[in-house]
Amino acid sequence: MSHLPFEDGVLDLATAFETVYFWPGTADSFREVYRTLRAGGVFLIVNVSDGEVPQDDKWLSIIDGMRIFNEKQLTCFLTEAVYSKLIVKRNANKHWLCILAVRENNRE
């Protein structure tokens with residue numbers, strides 16, 4: 001995720017299903033995805049662990065290198081990576097988290 005093999009602004013969509021738990025330098029990785037998106041491009045993050053329940057800790061003890069982020073942390077990383085439009089959907093009962101981040105313009 002640190003060096004994606006795509007030119008700047010060529011993707012319409014990037015998805016991360018259950019993977020951001022393992023990305024190095026999360027904000028930097030989100031910036032790298034941003035670089036590859038065209039204006040209006042979408043980055044979709046889907047996690048089944050929202051970091052809001054102690055039961056999530058079981059995964060941290062089983063899977064090396066895993067980090068579980070909550071909504072506030074992920075939106076902060078995305079904001080640091082210059083995404084300006086974020087849509088967050090969270091299922092509070094199942095603790096699922098879905099974030100849609102849009103590259104609205106060609107800011108660097």
Side-chain angles (χ1 to χ4, degrees):
M1 294 314 304
S2 301
H3 304 289
L4 294 172
F6 303 105
E7 295 180 24
D8 295 357
V10 296
L11 300 178
D12 294 317
L13 172 68
T15 63
F17 283 81
E18 292 287 295
T19 62
V20 296
Y21 309 124
F22 307 100
W23 289 15
T26 310
D28 289 336
S29 292
F30 287 0
R31 249 188 299 285
E32 179 64 1
V33 172
Y34 182 92
R35 178 192 64 76
T36 67
L37 292 173
R38 67 167 176 78
V42 173
F43 177 29
L44 173 65
I45 299 169
V46 179
N47 289 348
V48 297
S49 294
D50 68 0
E52 299 294 335
V53 292
Q55 295 89 324
D56 287 343
D57 291 344
K58 73 179 177 187
W59 299 114
L60 303 176
S61 65
I62 296 170
I63 304 171
D64 288 337
M66 184 174 190
R67 295 167 296 152
I68 297 176
F69 303 107
N70 62 32
E71 176 184 336
K72 183 177 178 180
Q73 291 169 311
L74 287 173
T75 57
C76 183
F77 292 142
L78 289 162
T79 301
E80 284 179 41
V82 298
Y83 293 90
S84 56
K85 182 177 181 184
L86 303 176
I87 300 168
V88 179
K89 298 291 182 181
R90 189 172 154 264
N91 181 312
N93 293 328
K94 295 190 178 191
H95 297 281
W96 297 344
L97 180 61
C98 178
I99 302 176
L100 190 73
V102 180
R103 179 176 179 155
E104 290 192 298
N105 58 42
N106 289 321
R107 294 186 311 179
E108 292 303 319

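No donor-acceptor pair under 3.5 Å is formed between the side chain of Thr15 and the backbone N or O of Leu44. The main-chain N or O of Phe6 is found under 3.5 Å from a side-chain atom of Arg35 such that the two form a donor-acceptor pair.
Residues Val33 and Ala14 approach most closely at CG1-CB, 3.7 Å, considering heavy atoms. Tyr21 and Ser49 get closest at one heavy-atom pair: OH-N, 3.3 Å. Annotation for Cys98 and Val46: closest pair SG-CG2, 4.1 Å, computed over non-hydrogen atoms. Shortest non-hydrogen contact noted between Asp56 and Asp50 is OD2-N, 3.8 Å. Contact between Ser29 and Pro24 at its shortest, heavy atoms only, is OG-O, 2.6 Å.
Cluster membership check: Leu74 does not share its hydrophobic cluster with Leu100, using side-chain heavy-atom separations under 4.5 Å among Ile, Leu, Val, Met, Phe, Trp and Tyr. Linking ILVMFWY residues whenever their side-chain heavy atoms come closer than 4.5 Å, directly or via other members, places Val88 and Val20 in the same cluster. Using a 4.5 Å cut-off between side-chain heavy atoms of Ile, Leu, Val, Met, Phe, Trp and Tyr, with links allowed through other members, Tyr34 and Leu4 fall into the same hydrophobic cluster. When hydrophobic clusters are built by joining Ile, Leu, Val, Met, Phe, Trp and Tyr residues whose side-chain heavy atoms come closer than 4.5 Å, directly or via intermediates, Val48 is grouped together with Phe22. Hydrophobic clustering (ILVMFWY, side-chain heavy atoms < 4.5 Å, transitive): Val10 and Val82 are in one cluster.
By the 4.5 Å heavy-atom criterion applied to side chains, Asp28 and Ser2 are not counted as neighbours. Using a 4.5 Å cut-off on side-chain heavy atoms (C-beta onward), Thr26 and Arg67 make contact. Annotation: side chain of Gln55 is not in contact with side chain of His95 (no heavy-atom distance under 4.5 Å). Side-chain contact between Ile68 and Asn47 is absent, with no heavy-atom pair separated by less than 4.5 Å. At a threshold of 4.5 Å between non-hydrogen side-chain atoms, the residues Leu78 and Phe43 count as touching.
For Asp12, the side chain to side chain donor-acceptor pair (under 3.5 Å) partners two or more places apart in sequence, or in a different chain, are Arg38. Not counting sequence neighbours, Asn70 has no partner by the side chain to side chain donor-acceptor pair (under 3.5 Å) test. In this structure, Glu80 has no side chain to side chain donor-acceptor pair (under 3.5 Å) partners at least two apart in sequence or on a different chain.
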Under the criterion side-chain contact (heavy atoms from CB on, under 4.5 Å), I'd like the reasoning laid out for Ile45 against Phe77: C-alpha separation, chi angles, the key distance, then a yes or no. CA-CA 12 Å; Ile45 299 169; Phe77 292 142; over 6 Å; no

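Residues Tyr83 and Phe30 keep their aromatic ring centres 6.0 Å or farther apart.
A distance of 10.5 Å separates CG of Asp8 from CG of Leu37, quoted to the nearest 0.5 Å.
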